[in-house]
Asks: 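Starting off with a structure, shown below.
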Protein chains: 2
Amino acid sequence: MGNRCENCIVRQLNSLKVLKKEELKAISDHKVTRSIKKGESLFSEGEKLNGIFCVRSGVSKLSKISENGKGQIVKIASKGEMIGQRSIISEEQTNLSAVALDDMEVCFIPKNHLIDNISKNVEFTKALLKHMANDLKFADTVIVNMAQKTVKQRVAETISYLDDNFEKDKDGYIGVILTREDIANVVGTAKEACIRTLTSLKKDKIISTQGKRIKIEDEKALYNIIQGI
Amino acid sequence: MGNRCENCIVRQLNSLKVLKKEELKAISDHKVTRSIKKGESLFSEGEKLNGIFCVRSGVSKLSKISENGKGQIVKIASKGEMIGQRSIISEEQTNLSAVALDDMEVCFIPKNHLIDNISKNVEFTKALLKHMANDLKFADTVIVNMAQKTVKQRVAETISYLDDNFEKDKDGYIGVILTREDIANVVGTAKEACIRTLTSLKKDKIISTQGKRIKIEDEKALYNIIQGI
DNA sequence: AACAAAACCTGACAAAAGTCATCTTTTGTC
DNA sequence: GACAAAAGATGACTTTTGTCAGGTTTTGTT
């Protein structure tokens, strides 16, 4: 396997970037690169993880199943994202499931090599800490949105989020392809309500679609909807 | 001020417990103990904090105002809780407001003394990291609940949460006194819907109330409601 | 290209929750 | 203890969202 962490561009995007060359080498010697096909699962809720996944390419959804059986997507993770850090840090089974939305390439980094670094390298721990602080802030915002915004506002917000955080394709469409049901599961609503909302946004020329692909046509109007104007 | 951190019981409840005696002394020399009256604010959304607050007694609500003007309570913090850590770690203005629900006693610990410890003491950073990982897990659960549970389930969940996490008074009532509106703002619903739900729970002898005080009468039934049974 | 499976869409209706208006009770203060 | 202010409660009505049932289109596979 010629993919050394030291040379991996993905690393620049996450907390691993603060590690020194030797530390990265140690990790690289023990990591395993895996290919995951669209629809396959990286791990499931309740599993005990033995390490984290670093996404090299492709996109994964992280979701949690509620008692009533509906799944809630809590995060869409793509290139550079590290998946599973939280449960490694708190040393407990994972509270989320991860499923590939694309064909993916991920590196699996065994737990003990990370824990070594957490114990020895304050910079790394600090980087993780900052990252987690940001996740937490984001989570607070999501809670407020869930609690107080309408389905339409949340759909608009989700589209805007995807547009901001993932590259667009050649035609200007948002580069992550989600089914309507997946979008509904991000938004926290029923598939039908999600479809209806998208239809209404299309009618108002705020977005356009082609199959599952979505393009924003009127950014300002979308923003106004998010704000509830 | 005779209250030295080294001797403070509250410290046992949070990440400060891993600090060594000398480190605590340094913090203690620079902390300021403050009394905050019921209804007063510790800080407001958007403020830049110069340190964190460690709660010695009393209870505070941490909330976020959404664009439509409604407040969402994200956390109820009581004895031992450290307030403001997140924004100190990510070095940005706070995303929450903190208001006292009780008369409170808090210790203000200036930022630079904490940052010292974060940089020098890996154990402390690790403790913070674990704490934040737990907060994040909890936040994920709240997101799912908000997205997928009914108001009744969420009200029940909130009562159960308060019952589990705060001491009860002599008569067995939950020890945190929230207004109906505050409960609604935790649950993410309107005051009226919250009141109606509590009324219905009373009718079914699942809880009883006396003024603002709430007592759980039928824990099992409450649990079933949370589960949507 | 044909087919099946999956995903998408729409209508009709039911349930949940929000809003407004009004009244009652509690709380705090003089 | 009287009073005003705040909080609680309830009814009537509207809006939002969920559910079910039925179609259509897209996608992937052979």
Side-chain angles (χ1 to χ4, degrees), chain A residues 37-40 61 66 68-73 99 101-103 145-158 173 176-203 207-214 225 228, chain B residues 37-40 61 66-73 99 101-103 145-159 173 176-203 207-214 225 228:
Chain A
K37 289 247 168 59
K38 179 177 171 179
E40 281 180 10
K61 61 174 172 181
S66 69
N68 66 38
K70 273 188 250 163
Q72 176 68 33
I73 297 181
V99 171
L101 291 171
D102 269 334
D103 290 350
N145 289 344
M146 286 293 179
Q148 313 219 333
K149 293 195 169 175
T150 62
V151 167
K152 187 166 190 178
Q153 287 179 291
R154 272 142 54 204
V155 168
E157 183 118 48
T158 301
Y173 290 92
V176 224
I177 305 297
L178 298 174
T179 66
R180 300 297 191 246
E181 188 161 17
D182 278 336
I183 298 176
N185 289 344
V186 173
V187 168
T189 188
K191 186 180 51 184
E192 294 92 329
C194 175
I195 290 173
R196 276 185 246 270
T197 307
L198 290 174
T199 304
S200 128
L201 290 175
K202 276 191 281 187
K203 219 170 274 165
I207 62 169
S208 64
T209 65
Q210 205 202 48
K212 293 199 223 324
R213 298 190 302 161
I214 297 175
I225 286 172
Chain B
K37 289 246 169 60
K38 180 176 170 176
E40 281 180 12
K61 61 173 172 182
S66 69
E67 284 95 350
N68 66 36
K70 272 188 252 163
Q72 176 69 31
I73 297 180
V99 172
L101 292 170
D102 268 333
D103 290 350
N145 288 343
M146 286 293 179
Q148 314 218 334
K149 293 195 169 177
T150 63
V151 168
K152 187 165 188 179
Q153 287 179 292
R154 272 141 56 204
V155 169
E157 183 117 48
T158 301
I159 293 172
Y173 290 92
V176 224
I177 304 296
L178 297 173
T179 65
R180 299 296 192 247
E181 190 162 17
D182 278 336
I183 297 176
N185 289 343
V186 174
V187 168
T189 188
K191 185 180 51 183
E192 294 93 329
C194 174
I195 290 173
R196 275 185 247 269
T197 308
L198 290 175
T199 305
S200 127
L201 291 175
K202 276 191 280 186
K203 219 171 273 165
I207 61 168
S208 63
T209 64
Q210 204 202 47
K212 294 199 219 328
R213 297 190 302 161
I214 295 174
I225 286 173

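So you know, we letter chains A, B, ... as the sequences are listed, proteins then strands, and number each from 1.
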Asks: What nucleotide, of dA7(C), dG18(C), dG8(D), holds the atom closest to the side chain of K212(A)?
Replies: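 Looking only at heavy atoms from C-beta outward on K212(A), the closest nucleotide is dA7(C).
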Asks: Side chain of A190(B) only, please: which of dT10(D), dC8(C), dG18(C) is the nearest?
Replies: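 Output: dG18(C).
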Asks: For Q210(A) and T150(A), take the nucleotide of DNA chain D holding the closest heavy atom to each; which residue's nucleotide lies nearer the 5' end?
Replies: T150(A)
Asks: Nearest to the side chain of V151(B) - dT10(C), dT10(D), dG18(C)?
Replies: dG18(C)
Asks: Could you let me know what dG28(D) is paired to, Watson-Crick or G-U wobble, both distances under 3.5 Å, or none if it's on its own?
Replies: dC3(C)
Asks: Give, for atom CD of Q72(B) and atom CD of Q148(A), the distance between the pair rounded to the nearest 0.5 Å.
Replies: 5.0 Å
Asks: Taking pairing as Watson-Crick or G-U wobble with both contacts under 3.5 Å, can you name the mate of dC30(C), or confirm there isn't one?
Replies: dG1(D)
Asks: Using a heavy-atom cut-off of under 4.0 Å over every strand shown, decide if K202(B) touches base, sugar-phosphate, or nothing.
Replies: sugar-phosphate
Asks: Is it the case that the base of dC20(D) and the side chain of E192(A) share a donor-acceptor contact (distance under 3.5 Å, atom types as modelled)?
Replies: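 Such a pair exists between side chain and base.
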Asks: Of the nucleotides dG18(C), dT19(D), dT10(C), which one has an atom closest to the side chain of A193(B)?
Replies: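 So the nucleotide nearest the side chain must be dG18(C).
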Asks: Under 3.5 Å, is there a donor-acceptor pair between the side chain of D102(B) and the main chain of K38(B)?
Replies: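 It does not hold such a pair.
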Asks: Nearest to the side chain of T179(A) - dT19(C), dT10(C), dA7(C)?
Replies: dA7(C)
Asks: Side chain of R180(A), base of dT26(D): donor and acceptor closer than 3.5 Å?
Replies: no
Asks: Which value, rounded to the nearest 0.5 Å, describes the distance between K61(B) atom NZ and L178(B) atom CG?
Replies: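 Answer rounded to 0.5 Å: 8.5 Å.
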Asks: How many angstroms lie between CD1 in I177(A) and CZ in R213(A), if you round to the nearest 0.5 Å?
Replies: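 Separation between the atoms: 6.5 Å.
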Asks: 5'-most contact on DNA chain C: K38(B) or K149(B), nearest heavy atom basis?
Replies: K149(B)
Asks: From the set dA17(C), dG18(D), dA7(C), return the single nucleotide nearest to any side-chain atom of T189(A).
Replies: dG18(D)
Asks: Separation of N185(B) atom CG from dA7(D) atom P, in whole Å?
Replies: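 Taking CG of N185(B) and P of dA7(D), I get 12 Å after rounding.
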Asks: Would you give the length of the straight line joining atom CD of E181(B) to atom NZ of K191(B), rounded to the nearest 0.5 angstrom?
Replies: 5.0 Å
